[in-house]
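Single-structure report; data block below.
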Amino acid sequence: MYSVSIIGASGYTGAQLVQLVIQHPKLVLAGTYVSQNSSDAGKGIAELHGNLAHVDATLTPISDAALEEMANGVDFIFLATPHEASHDWMPILSSGKAKVLDLSGAFRLKDTDVFEQFYGFPHTQKQSLAQAIYGLAEWHEAKIASADVIAVPGCYPTASLSALKPLAHNNLLDESVRPVINAVSGVSGAGRKASLTTSYFEVSLQAYGVLGHRHTPEIEAYLGTPVIFTPHLGNFKRGILATVTVKVKAGTTSAQLEQAYTDAYADKPIVRLRKSFPKIDDVAHTPFVDLHWKLDETSGYAVVTAAIDNVMKGAASQAIQCLNIMTKQPVETGLVL
């Protein structure tokens, strides 16, 4: 059995991690933590998340002493925290025996200048950044297996890269035309904190972060080519539907696309290759990535759709996938019942 602590357990992703750890056959929940000044400190997690009414876990305020104790006291630490907190705490948390899985964006981008431009503060944890392995589970399994620090991918990049990497890997993309990614997320992607923009009465389908969203450089860095990425806010709770339009190289056939996706995901049980375009309800509350595509051989344009649950595959369940890889268990352990 492996002991697990979760920092940031009061939020949507943190609570989802609690549920996944509780149901995992090889994990034991050692502690649930929130920031020192959180209004949720001292509460039971069941007070905040009714679906966890069966879980006896108190939200403990974090402290420097707790961070140091945790580094050697548990096997795995999940950080469902703001980027700044993960950035500042990583050297302490990764100094002991514990392996750290960070679900913030603090260690995803290796270029610190790009990081500062998109996240708004300088990255000074160079050693931790060098340690961090990008946790796109289906594509970086070998590196994840031996890692001590995992930067769990963002939700939009997970959907976008799952759709695009088989094409890039097989050198099928026309490099003169940028892939165009239009993706819609449920309001849980904005977190649990109350906000006028995500209140029920205010939410309406709209684009945001146009030509400047911080997930754009993350997608580009791990795809290896520039993209045009436009996120949208949808009036539903959870899920992401990413519709990606690409130009493929001249002469590319539908059979080649089929082979690219089959080869990439044949032995990946979390990815489902669908016979028709998926919808969000197909993946909500599941760890799956659902993919479907169609190529117009005459024009050379293809449309690929990826559907994920942003709180699950876009965050918590992908972190569990990485832990499974690190502990040499089947990747779907505790996720697919």
Side-chain angles (χ1 to χ4, degrees), residues 136-139 153-170 172-174 177-189 205-207 215 219 223 227-249 251-315 317-318 321 331-332 335-337:
L136 190 62
E138 282 73 30
W139 289 91
C155 52
Y156 283 124
T158 294
S160 302
L161 291 168
S162 297
L164 283 166
K165 282 187 74 69
L167 303 179
H169 182 71
N170 287 276
L172 295 176
L173 292 175
D174 183 334
V177 180
R178 294 189 182 197
V180 176
I181 305 163
N182 286 300
V184 187
S185 176
V187 293
S188 55
L205 183 62
Q206 67 179 105
H215 281 166
I219 296 167
L223 181 62
V227 301
I228 297 173
F229 168 60
T230 308
H232 299 72
L233 177 66
N235 57 345
F236 52 92
K237 289 183 178 180
R238 52 198 291 166
I240 287 178
L241 190 74
T243 301
V244 185
T245 303
V246 299
K247 181 78 181 298
V248 295
K249 288 186 173 178
T252 300
T253 65
S254 296
Q256 285 177 284
L257 262 66
E258 180 82 26
Q259 194 65 50
Y261 284 98
T262 300
D263 289 348
Y265 296 124
D267 59 345
K268 309 298 183 186
I270 297 299
V271 180
R272 305 188 299 194
L273 304 183
R274 301 289 302 276
K275 298 297 185 184
S276 60
F277 285 100
K279 56 187 178 182
I280 284 173
D281 281 353
D282 297 340
V283 295
H285 300 278
T286 82
F288 295 112
V289 183
D290 281 11
L291 295 172
H292 188 63
W293 57 91
K294 185 175 182 180
L295 171 66
D296 177 7
E297 293 186 4
T298 301
S299 67
Y301 280 94
V303 174
V304 187
T305 290
I308 67 169
D309 183 310
N310 58 301
V311 184
M312 285 284 281
K313 179 59 175 175
S317 69
Q318 180 144 248
Q321 278 187 263
V331 73
E332 69 274 25
L335 299 175
V336 180
L337 304 178

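Side chains are part of it too, since the values below use all heavy atoms of this structure and drop only hydrogens, waters and symmetry mates. All values derive from a computational prediction rather than experimental measurement.
The CD atom of Gln321 lies 9.0 Å from the CD atom of Glu332; values are rounded to the nearest 0.5 Å. A distance of 4.5 Å separates CG of Leu241 from OG1 of Thr243, quoted to the nearest 0.5 Å. Atoms OG and NZ, on Ser162 and Lys313 in that order, are 6.0 Å from each other to the nearest 0.5 Å. Atom CG of Leu172 is separated from atom CG of Leu167 by 6.0 Å, given to the nearest 0.5 angstrom. In this structure, CG on Asp267 lies 9.5 Å from CD on Glu138, to the nearest 0.5 angstrom. The CZ atom of Arg178 sits 6.0 Å away from the CD1 atom of Ile228 when rounded to the nearest 0.5 Å.
Ion pairing of Arg272 with Asp282 is absent here, as no side-chain N (NZ or NE/NH1/NH2) approaches a carboxylate O to less than 4.0 Å.
Minimum heavy-atom separation, Leu291 to Ala163: CD2-CA, 4.0 Å. Contact detail for His215 and Cys155: the closest heavy-atom pair is CE1-N, 4.1 Å. The minimum heavy-atom distance linking Leu257 with Val248 is given by the pair CD1-CG1, 4.4 Å. Listed here is the closest heavy atom pair of Pro287 and Met312: N-CE, 3.8 Å.
A 4.5 Å side-chain heavy-atom check between Leu205 and Asn235 finds every atom pair outside the cut-off. Here the side chains of Leu273 and Tyr265 are in contact, with some heavy-atom distance below 4.5 Å. The shortest side-chain heavy-atom distance between Asp263 and Pro166 does not fall under the 4.5 Å cut-off. For the pair Pro153 and Gln318, the minimum side-chain heavy-atom distance is below 4.5 Å. Residues Lys268 and Val289 have side chains not in contact (no heavy-atom distance under 4.5 Å, counting atoms from C-beta outward). Annotation: side chain of Asn310 is not in contact with side chain of Thr158 (no heavy-atom distance under 4.5 Å). Between Val177 and Val246, the closest side-chain pair of non-hydrogen atoms is not below 4.5 Å.
Counted within 6.0 Å of NE2 on His169, heavy atoms from surrounding residues, nucleotides or ligands total 12 or fewer; the atom is thus considered open.
Side chain of Thr286 to main chain of Val283: a donor-acceptor pair is present (N/O by atom type, distance under 3.5 Å, no hydrogens or angles). For the pair His232 (side chain) and Thr230 (backbone), a donor-acceptor distance under 3.5 Å is present.
Each of Asn182, Val303, Ile181, Val304 was evaluated against Thr245; a single residue qualifies, Val303, per the side-chain contact (heavy atoms from CB on, under 4.5 Å) test.
Partners of Tyr261 under the ring-ring contact (aromatic ring centres under 6.0 Å, His included) rule, at least two apart in sequence or in another chain, are Trp293.
No donor-acceptor contact under 3.5 angstrom links the side chains of Glu297 and Thr253, judged on distance only.
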